[in-house]
S.K.: 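Dumping the structure here so I can ask a few things about it.
Below, each value reflects all heavy atoms present in this structure, side chains not excepted, and no hydrogens, waters or symmetry copies. Numbers restart at 1 for each chain; the letters A, B, ... are given by sequence-line order, proteins then strands. Just so we're clear, the structure is a prediction, and the values are computed from it rather than from any experiment.
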Amino acid sequence: MRRKQKNIIVVTLAVLIAVLFLLPLVWMVFTSFKTLSESMSSSAILPNVWTLQNYIDIFSPTSDAPILLWVFNTAVITIIGTVLVVAIDILAAYSLARLQVPGKKIIIGTIIIALTVPGIVTLFPAFYMFKSFNLLDTFIPLVLPYTASTMGVFLIYNFLISFPKDLEEAAYLDGASQMQILRHVIFPAIKPVAVTLGVITFMGIYNDYLWPSLVINSNEMKTMTLGIATLIQGSNFVNPAGMMAATVVATIPAIVVFLVANKYFVKSVTNSGIK
Amino acid sequence: MKSLKWLVLLIASVLVLGACSGGNGASTKSKDGKIQISFINGFTGGDGAYMKKITDGFNASQDKYEIVESQEKEHYTKYKSGDYDLVVIHGNNLETYRLDGMIQDVGSLYEKAGLKESDFHKAGMDLAKLDGKLYGFPIDIHPLTMFYNKEFVNEAPKTYEDILKLNQELQAKNKDLYALGVPSTGLVEFYMLMIAAQNGVDLKDGNALNFAQPEFADALMTFHDMVWKDKVSPAGLGLDGEFKTFMKEAESGKAVQSAVALTGPWFYGAAKEKYGDNLGIAPIPQIGKQPAAYGNAHMLAVSASVKDEQVKEGIAEFVKYMFTPENLINWADGGQAPVHLKTIEKVTAEQDKYQIAYQNSLQFDSFVAPPQVYQYGEQIRYMNEKVFSKLVTTEKLTKEQLMKELESATKKAQQIAETEPK
Amino acid sequence: MHKGTSTKTWAILMVSPFILCFILFWLAPMFLGVWVSLHNWNLSSGNNGFIGLQNYIDILTPGSLYNEAFMLALKNTLVFVVISVPPLVIIALGLALILDHLPAKLKPVFRTIYFVSYSISVTAVSAIFLWLFNENGGFINNLLVSMGILGKPINWLSEQPYAWVSVLIATVWWTIGFNMMLFINALDEVDPSLYEASDLDGANGFKKFIYITLPQIKHVAFFIIIMTVIASFNLYGQSRLITAGGPEQSTTTLTMSIQNAVFGMNQLGVGSSMAILMGIIMLLVTAAQYFMSYRKKEVN
């Protein structure tokens, strides 16, 4: 009996909080169906007059907000960037944790220091470097700089040094090559950390706003995050309903990807070595 | 500079070899043999489409040149770090780009394009002429504009007394209706320089802005009093508050509305969509001692790096095309007021169609240009972001307190001015 | 040693892609940044010569333009760190505890709801909250006035402390899910037998939390705190887009100030020096936290 009461209280609380979390999203969706004048003048959550005009505007060929292209760009750079970072970091972390890398202590010390240095320190010089090579406004600066992140190496390295070596040694004695050990022994073991790293990297690239705003010039090359920022800061007037329609279109793919990946991410975080 | 580049080159050459197929080099020819001219501007809002009509029209009109236009929100940053031939620079920034050596004297291009100074309204020429030379082609002037809602006010207010009277009437009707709204951020630079101009205050002092003038403090206090003493504006309107309030619908205790907005002409489209024929437009009223209009302008300027004669020919062709009434009228159609006299004539002849361009062209005669100083935007930043907001949100602000803020704003402006390249 | 290639060669081969990327995209820009910070470098007119530590001296000399900009931004950033870290950690823990006490069937549903806002980009979050917090007749004001919670509308974005509250609410809504997930993970790993033992002792829920749960999740909590401090230090998108640094520059953060030094004032040298100073400050703060948590670990 008491248990049931307690349950009701907790569920009620959970529902109330859920409402708070969902309210902004619900508002966003409803506002995107408002007319311009209503979105400016009324603050009721439901539109008086429902309109698809905002969505029609977005997808019209003359729109100055090519959202689908932005979503596509974002998909390209987040996927390539994440795969690259995870692969590079796994190799490096394995090597540092298990093999005889010359200057290992210096490398690991540098990694830890680099971990706390904020991105802004390298931001403008990196911008200058890409500029002097005429690489601005391409995918290259949108992908490659993330590979310098030391977070992944640090996470996986930490996981590996607390992970027993027995299996690897057994495989080694059986005559497996380094690559085979990596593929069949190490990779399954570090999968949860690798997925966590993948998610963190993905979100990092996806959310980055300042860096793309420096290195991207043309509307066609923008990421979704940058594109929406330019809508907010447009030098001229952008109506809230139109902005929300753009946000909805930009956010839906992210939420879908998220809902699909959610299960894996939950598992991976639950199993990962962040302790 | 050189040695740094080599250092960078050395370190990063591996990257380029591995990852890049090479930049686009220095070629200015398109595939079909046209000479390409790159053109960057900041028209990311509704007016972008109208400029595009002009550039597209030009590209279709001949087969020798091609304008490659990019419209960017952060177009100044991109211009500084990129490689463009043509750029649109605001009237108040032209001096900075001249002193930084990033734009060139276009006197000879005027001749090539068959244009004379007298083809433009004087207000525009004042902006284009720096140190006795021409540094740009004035496209338009966008002054502070007055919108009014005919539902509440039949005739546009012309003086501050009219505004006071209007406010009394509206307040008697409904406590949530005000004459106008004073924003705390956004367009406030227009507000400050407008009131300076209407009180005959010149902020330029040598190469810096001097805000710490008692007359300017008095002038600014007008806005404080509009909110706190005369209460013609509700308090606490935030970014773009003057326009947002104009677009609201009064709702008791929740939302306030204003009958008039002193705002930027770029909001015209949205206002028209909401109010239709009830939207009135007029030159701004006289709030200070004398009538004066203030605003900014778009100038077409040529990068200092353009040396190629063929490119210059192309630019002259483009300029000639743009400053033809049939073509520039597109810009008026987008709500901007061209300063090209022949285009103004066309606008005046069809003033119902080009309502806002026409009303704003009426303000040209009393237009006061922004002071020409180095890094104008940075010099006035503290005023824009801090002082004005304090002015209209602090109920008990005294003139002495304001003067103190104006002094620190001036100190900052002077330090910015000192960074001027020698 | 081993057939084919030696382990040392493998070691170097495997670590070198990372080392290469690290040198190209971190170390090289880093040195370049330090080098630029020692020069009078203007974005428009280029390098105007070596000036030693002059940029740093300018930034640290009271009264100068750069000093005022840097110190104001540093103060603002620290304010945000102080007001944001406790809610971002405590609310995350609270949500994790609520989820922990939910019936198993409902857990995934609510976990997903609380976490879904994390998938939205910072600019989209800002776009939403910018309009939700609109002063005159905005949705939040209207809701609160209608419910009788507020007597009259609040100027959320143009008055302090509300501007900070707005940025904070947007940040909590957006990022809390990630911290929550880490706490859920930690709570799951608490040994159930510890709770059973305390049940036998007749301990109540609060006591169980203090004496069993908290010590068990301490390490994760430290990790979360350090990560949150770093994230709050780097505040940029929300304050740039929701409050635009205002009112009266009170939400102008270090990153915004540095960006303005470079792209507004054209002072690449000064901006680089500011960035390096910010890096040093963050290094010190993180190191201090690390040592504090490390020493506590030792004591236990």
S.K.: Is it the side chain or the backbone of A:A250 that comes within 4.5 Å of chain C heavy atoms, both, or neither?
M.R.: neither
S.K.: With a 4.5 angstrom heavy-atom cut-off, which part of C:Y236 approaches chain A: side chain, backbone, both or neither?
M.R.: side chain
S.K.: Which atoms of A:D208 are under 4.5 Å from chain C, going by heavy atoms: the side chain, the backbone, both sets, or neither?
M.R.: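 Neither; nothing under 4.5 Å.
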S.K.: What part of A:S149 gets within 4.5 angstrom of chain C, counting heavy atoms only: side chain, backbone, both, or neither?
M.R.: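 The answer is the backbone of A:S149.
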S.K.: Is it the side chain or the backbone of C:S126 that comes within 4.5 Å of chain A heavy atoms, both, or neither?
M.R.: both
S.K.: Apply ring pair (Phe, Tyr, Trp, His ring centres under 6.0 Å) to the pair A:F258 and C:F115, showing each step before the final yes or no.
M.R.: CA-CA 9 Å; A:F258 172 82; C:F115 193 32; 5.0 Å; yes
S.K.: Given side chains that start at C-beta, do those of C:F18 and A:L96 come closer than 4.5 Å, heavy atoms only?
M.R.: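 Of all side-chain heavy-atom pairs linking A:L96 with C:F18, none is under 4.5 Å.
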S.K.: For A:T251, which atoms come within 4.5 Å of any heavy atom of chain C: side chain, backbone, both, or neither?
M.R.: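 For A:T251, the contact with chain C is made by the side chain alone.
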S.K.: Identify which part of A:L123 has an atom lying under 4.5 Å from any heavy atom of chain C, answering side chain, backbone, both or neither.
M.R.: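 No part of A:L123 comes within 4.5 Å of chain C.
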S.K.: Quick check: do A:L99 and C:V15 have side-chain heavy atoms less than 4.5 Å from each other?
M.R.: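 SC-SC contact between A:L99 and C:V15 ruled out.
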S.K.: Sort out for me which of A:V153, A:D89, A:L259, A:V257 touches chain C most, counting heavy-atom pairs under 4.5 Å.
M.R.: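 Between A:V153, A:D89, A:L259, A:V257, the count favours A:V153.
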S.K.: Might you work through the ring pair (Phe, Tyr, Trp, His ring centres under 6.0 Å) test for A:F124 and C:F263, ending with a clear yes or no?
M.R.: CA-CA 10 Å; A:F124 297 111; C:F263 286 114; 5.7 Å; yes
S.K.: Atom OG of C:S117 and atom CG of A:L20: how far apart are they, to the nearest 0.5 Å?
M.R.: 11.5 Å
S.K.: Mind checking whether C:F25 and A:F130 have parallel, tilted or perpendicular rings, split at 30° and 60°?
M.R.: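 Aromatic pair C:F25/A:F130 classed parallel.
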S.K.: Which atoms of C:L254 are under 4.5 Å from chain A, going by heavy atoms: the side chain, the backbone, both sets, or neither?
M.R.: neither
